[in-house]
Amino acid sequence: QVQLVESGGGLVQAGGSLRLSCVASGSIFNINSMGWYRQAPGKQRELVATSTSGTANYADSVKGRFTISRDNSKNTLYLQMSSLKPEDTAVYYCHGILGVYNNGAREYTNYWGQGTQVTVSS
């Protein structure tokens, strides 16, 4: 079974740093794209950063503070978050467009992790 599992969330003071990790596991033959999204209470889920074919894309609100990276040998995605602000408080979700084996066939499917809470105190 293919899954994405996040870790690294927690409570941090404003100005601090955290690093999130997301490990993709299962019958995966290729990773097309991976990214991080977040959802704050009462708000819609929003894009934070994506990594596709070595190209990173960031939301304006996190540019210069967050860095997305991938270790393809470990099927792992990272998000290094620095200079955190209270408005960064949210559940952070890992997303991937993964090439997987399904009953002997190859297909690309969207996957989401279960989310990890990041809380930034002022």
Answer whether the closest heavy-atom distance between the side chains of [X] and [Y] falls below 4.5 Å.
| X | Y | value |
| --- | --- | --- |
| Y78 | W36 | no |
| K85 | V120 | no |
| Q114 | E6 | yes |
| K74 | S21 | no |

Where [X] and [Y] come nearest, the two heavy atoms and their spacing:
| X | Y | result |
| --- | --- | --- |
| C94 | L77 | SG-CD2, 4.1 Å |
| M34 | I68 | O-CD1, 4.2 Å |
| A49 | Y58 | CB-CD2, 3.6 Å |
| D88 | R65 | OD2-NH1, 2.8 Å |
| S51 | R70 | O-NH1, 3.0 Å |
| T52 | S33 | OG1-OG, 2.8 Å |

Point-to-point distance, once rounded to the nearest 0.5 Å, from [atom1] of [X] to [atom2] of [Y]:
| X | Y | atom1 | atom2 | answer |
| --- | --- | --- | --- | --- |
| N75 | I28 | CG | CD1 | 5.0 Å |
| T109 | N32 | OG1 | CG | 11.0 Å |
| D71 | T76 | CG | OG1 | 6.0 Å |
| L98 | S27 | CG | OG | 11.5 Å |
| R45 | W112 | CZ | CH2 | 5.0 Å |

Shared hydrophobic cluster for [X] and [Y] (ILVMFWY, side-chain gaps under 4.5 Å):
| X | Y | value |
| --- | --- | --- |
| L4 | V118 | yes |
| Y37 | M81 | no |
| I97 | F29 | yes |
| L79 | V5 | no |
| V2 | V23 | no |

Heavy-atom donor-acceptor pair, T119 side chain to T89 backbone, under 3.5 Å: no
Centre-to-centre under 6.0 Å for Y111 and Y93, is that the case here? no
Apply salt bridge (Lys or Arg N to Asp or Glu O under 4.0 Å) to E107 and list each qualifying residue two or more places apart in sequence or on a separate chain. none
Tell me, please, which residues at least two apart from K63 pass salt bridge (Lys or Arg N to Asp or Glu O under 4.0 Å).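 Scan of K63 (salt bridge (Lys or Arg N to Asp or Glu O under 4.0 Å), adjacent residues dropped) gives D60.
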